[in-house]
Amino acid sequence: MEQVNQSTAQQFILLGLSTDPHLQIILFLILLIIYLMNILGNLLLIMIVRINPALHSPMYFFLTNLSVIDICFSSSVIPVLLGNTLAKDKSISFLGCATQMYVSLTLGATECVILAVMSYDRFAAICRPLRYYNIMNKAMCIYLAVGSWSIGFIDSLVQVNLTFQLSFCQGVNINHYFCEAPALIRMACGDTFLNELSIYISGAIIAMGCFSLILISYVYIISSILKISSSQGRQKSFSTCASHLTVVSIYYGTIMFMYLRPHSKKYFPSETDTVLPILYTAVTPMLNPFIYSVRNKDVKSTLINLLKKKQCYQN
């Protein structure tokens, strides 16, 4: 069987989500709406944080990082998917595939760490309110943000380097809609033990480790909420925590399902393996700006003032 490696492969073919022309049009429209909502929602949140001094706090510093990650993460995957959904030529160059994998892995890992950092920030704010600004000072925020991005860059560099050293004996057709490590490993011939081991290690440390930290933080946060005397205050806090944990669980759950299981070629991919990543490449990035900020009075008041100013300007 012909082997294709980095010295001979000029391009790969992304098979996409569906070959049904009618379903392709529906998928294109749905994904386009999701992508536009993601871009507009996250850009709006970044703009609101910049213009309102009341939002110049550690929480919104990390939310701004999250918005940048979500915009870039979706933009590294969804435009290619949209183009390939309706195009006859679904090819992607070898360099383009490697670049897409590096960018998406970097941003995905960084988001995992940033979400954990944000949960720690909420833990400090709710459980250690008197020491909050000493704990989450400007230097600490910068260190945590830089550390989060550094982990993403390093992890992605390792995974991409290991993946593209493989020889591919299943041709050049990738049974996926973007260049993701598990899909490429399944195409490989030869020993993929080192690749799978590196994915399990990084998945255990980054995904499971960060998710565990989030759950621990929320245990302390919920125990503090239970001490609130006002039932209305407790209900509002529980509602916010529930929405945060729902989005976080979807994001980490899908990532752990995709990465923390066998990826070698003897395990045949199902439709779930192709469709499920939509949750963390498109849906979660769209939900994040609404879930994390829509209930904040300062965000809503800033948005209302912007709309009033626009109306006055038009009048």
Side-chain angles (χ1 to χ4, degrees), residues 41-42 45-46 48-49 52-70 109-149 151 204-256 280 284-285 287-303:
N42 282 294
L45 178 59
I46 292 171
I48 288 173
V49 171
N52 188 348
L55 300 178
H56 294 176
S57 65
M59 173 184 170
Y60 282 94
F61 170 73
F62 295 121
L63 264 178
T64 302
N65 274 267
L66 183 64
S67 291
V68 171
I69 292 168
D70 285 338
T110 304
E111 179 157 350
C112 282
V113 183
I114 282 287
L115 288 171
V117 168
M118 288 171 61
S119 70
Y120 175 74
D121 171 74
R122 291 299 83 204
F123 160 78
I126 294 171
C127 302
R128 304 287 187 272
L130 298 179
R131 297 177 53 204
Y132 174 63
Y133 284 102
N134 289 329
I135 296 172
M136 301 302 293
N137 56 62
K138 186 176 181 180
M140 177 59 73
C141 291
I142 293 173
Y143 290 147
L144 289 171
V146 171
S148 300
W149 284 91
I151 290 171
I205 294 173
I206 297 175
M208 291 183 67
C210 291
F211 188 54
S212 298
L213 288 173
I214 289 172
L215 291 179
I216 292 169
S217 297
Y218 272 95
V219 167
Y220 282 100
I221 289 170
I222 291 171
S223 66
S224 295
I225 291 171
L226 290 173
K227 298 175 184 177
I228 298 175
S229 57
S230 168
S231 60
Q232 185 177 359
R234 283 199 305 270
Q235 184 178 358
K236 183 179 178 181
S237 298
F238 273 126
S239 178
T240 302
C241 286
S243 60
H244 290 185
L245 283 174
T246 300
V247 175
V248 164
S249 298
I250 292 171
Y251 182 77
Y252 283 99
T254 51
I255 284 181
M256 287 189 284
Y280 57 81
T284 304
L287 293 176
N288 279 338
F290 302 101
I291 293 296
Y292 284 103
S293 62
V294 74
R295 302 182 184 201
N296 185 285
K297 292 181 180 179
D298 291 321
V299 171
K300 288 191 287 188
S301 63
T302 304
L303 182 58

Given Asn52 and Tyr60, is the side-chain hydrogen bond (donor to acceptor under 3.5 Å, both in side chains) satisfied, shown in steps? CA-CA 11 Å; Asn52 188 348; Tyr60 282 94; over 6 Å; no

Leu245 vs Ile214, side-chain contact (heavy atoms from CB on, under 4.5 Å): CA-CA, chis, key distance, verdict: CA-CA 9 Å; Leu245 283 174; Ile214 289 172; 4.3 Å; yes

Go through the steps for Thr110 and Ile151 under the test side-chain contact (heavy atoms from CB on, under 4.5 Å), then give the verdict. CA-CA 7 Å; Thr110 304; Ile151 290 171; over 6 Å; no

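Considering only residues two or more places apart in sequence or on other chains, Phe62 meets the ring pair (Phe, Tyr, Trp, His ring centres under 6.0 Å) condition with none of them. By the side-chain contact (heavy atoms from CB on, under 4.5 Å) test, Ala204 pairs with no residue at all, sequence neighbours left out. Applying the side-chain hydrogen bond (donor to acceptor under 3.5 Å, both in side chains) test to Asn42 and every residue at least two apart in sequence or in another chain returns Asn38, Ser67.
Between Ser148 and Val117, the shortest heavy-atom contact is OG-CG2, 3.8 Å. The two residues Met136 and Pro58 come nearest to each other via the heavy atoms O-CG, 3.5 Å. Taking each heavy atom of Tyr132 and Arg122 in turn, the nearest pair found is OH-NH2, 3.5 Å. Between Met256 and Phe211, the closest heavy-atom pair is CE-CD2, 3.8 Å.
One distance of note links OH of Tyr251 with CD1 of Ile255; it measures 3.5 Å at 0.5 Å rounding.
Using a 4.5 Å cut-off on side-chain heavy atoms (C-beta onward), Tyr280 and Glu111 make no contact. Contact check for Tyr120 versus Leu213: no side-chain heavy atoms found under the 4.5 Å cut-off.
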